[in-house]
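Each ligand, and each atom within it, is numbered from 1 in the order the structure gives.
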Amino acid sequence: MGSSWKMTSSLILCLSIFAFFSPSSPSRILPPSDSQKVSVGLYYESLCPYSANFIVNYLVKLFEDDLISIVDLKLVPWGNAKLRANNTFACQHGRYECLLNTVEACAIDVWPGLDGHFPFIYCVEALVLEHKYPEWESCFQKLDLDPKPIEKCYTSKYGEELELKYAAETNALQPPHKYVPWVVVDGEPLYEDYENFISYICKAYKGTNIPKSCSQVSLDTIQMVDAKPKHSVCDNESGIPNLWELLRSTVASWITRMNMAGAI
Ligand SMILES: *[C@@H]1O[C@H](CO)[C@@H](O)[C@H](O)[C@H]1NC(C)=O
Ligand SMILES: *[C@@H]1O[C@H](CO)[C@@H](O)[C@H](O)[C@H]1NC(C)=O
């Protein structure tokens with residue numbers, strides 16, 4: 001009886017000490033609140049090799065340590081696709097890109113948590129980097145995911161609706177995007193410095209749960225800036241007009257040859 005009373009009273013004492021000290025150091029006990037998180041938006045398209053490279057070799061670093069705990073990450077798979085007047089769309093790298101953009105939009109909708117859709121998108125984009133993206137459906141088996149909700153989303157036209165939503169979000173960007181990957185941290189685009197996104201996240205974070213990886217950032221930044229050649233992007237306007245250019249010049253040289261052949 002006596003010892004249990006002692007235990008109870010020391011428990012009460014501990015709790016009151018805890019209650020006394022915790023308001024002064026809430027960050028040690030609570031995870032960062034959503035308002036403290038740094039918003040990160042990735043505007044991309046599935047077949048741009050630089051988008052794929054960013055997702056597979058850079059963005060994934062958020063999950064390798066505790067950085068994701070201070071980040072509110074949003075993926076927007078539309079990129080440089082163009083909306084036609086009748087609400088159909090054309091993608092920079094052709095129809096396969098429209099398919100994979102839509103499939104990735106469906107994945108975000110079907111598995112809304114990052115731990116659900118990010119591994120799938122990572123898997124598809126890793127195949128893009130290896131030029132094996134027609135094998136994208138192997139990602140369902142690899143990750144033990146059910147393909148049915150994605151199939152249903154894609155074939156029911158709901159996937160297209162999701163893409164139209166992403167088109168509207170991309171086209172509303174201020175300043176407008178010029179290329180992909182277009183990385184926006186705390187509302188500010190990083191332009192071609194996007195590979196240094198972690199140092200921007202660390203700088204933007206105002207909370208007190210500073211991740212360990214933020215302390216190594218300045219060193220990484222210097223090395224990365226020096227080592228990387230610039231202009232690793234897919235331009236906004238180049239894709240489709242370039243195809244037209246190619247077609248036009250092919251036809252022009254063809255006509256020239258026919259004329260020459262006619263002349264001979
Ligand atoms: C939408 O417009 C494009 C040309 O801008 C046309 O090729 C396509 O067939 C149209 N699609 C539908 C469903 O009307
Ligand atoms: C990029 O694309 C958007 C939407 O398709 C367009 O509104 C914008 O003017 C383009 N920006 C540039 C710099 O070409």
Next on the checklist: Whether the Tyr200 and Asp193 side chains hold a donor-acceptor pair (N or O, under 3.5 Å, no angle test) is what I'd like checked.
Outcome noted: yes
Item to check | Closest protein heavy atom to atom 5 (O) of ligand 1, given as residue, atom name and distance to 0.1 Å | outcome: Arg84 CD, 3.2 Å
Next on the checklist: Whether the His177 and Asn80 side chains hold a donor-acceptor pair (N or O, under 3.5 Å, no angle test) is what I'd like checked.
Outcome noted: yes
Checklist outcome for this item: The closest protein heavy-atom partner of atom 14 (O) of ligand 1 is Asn86 ND2, 3.1 Å
Checklist entry - Got a donor-acceptor contact below 3.5 angstrom from the Glu97 side chain to the Gln92 backbone? => result yes
Checklist entry - Of the protein's non-hydrogen atoms, which lies at the shortest distance from atom 13 (C) of ligand 1, and what is that distance? => result Thr88 CG2, 4.0 Å
Next on the checklist: Keeping Tyr44 on the side-chain end and Cys48 on the backbone end, is there a donor-acceptor pair under 3.5 Å?
Outcome noted: no
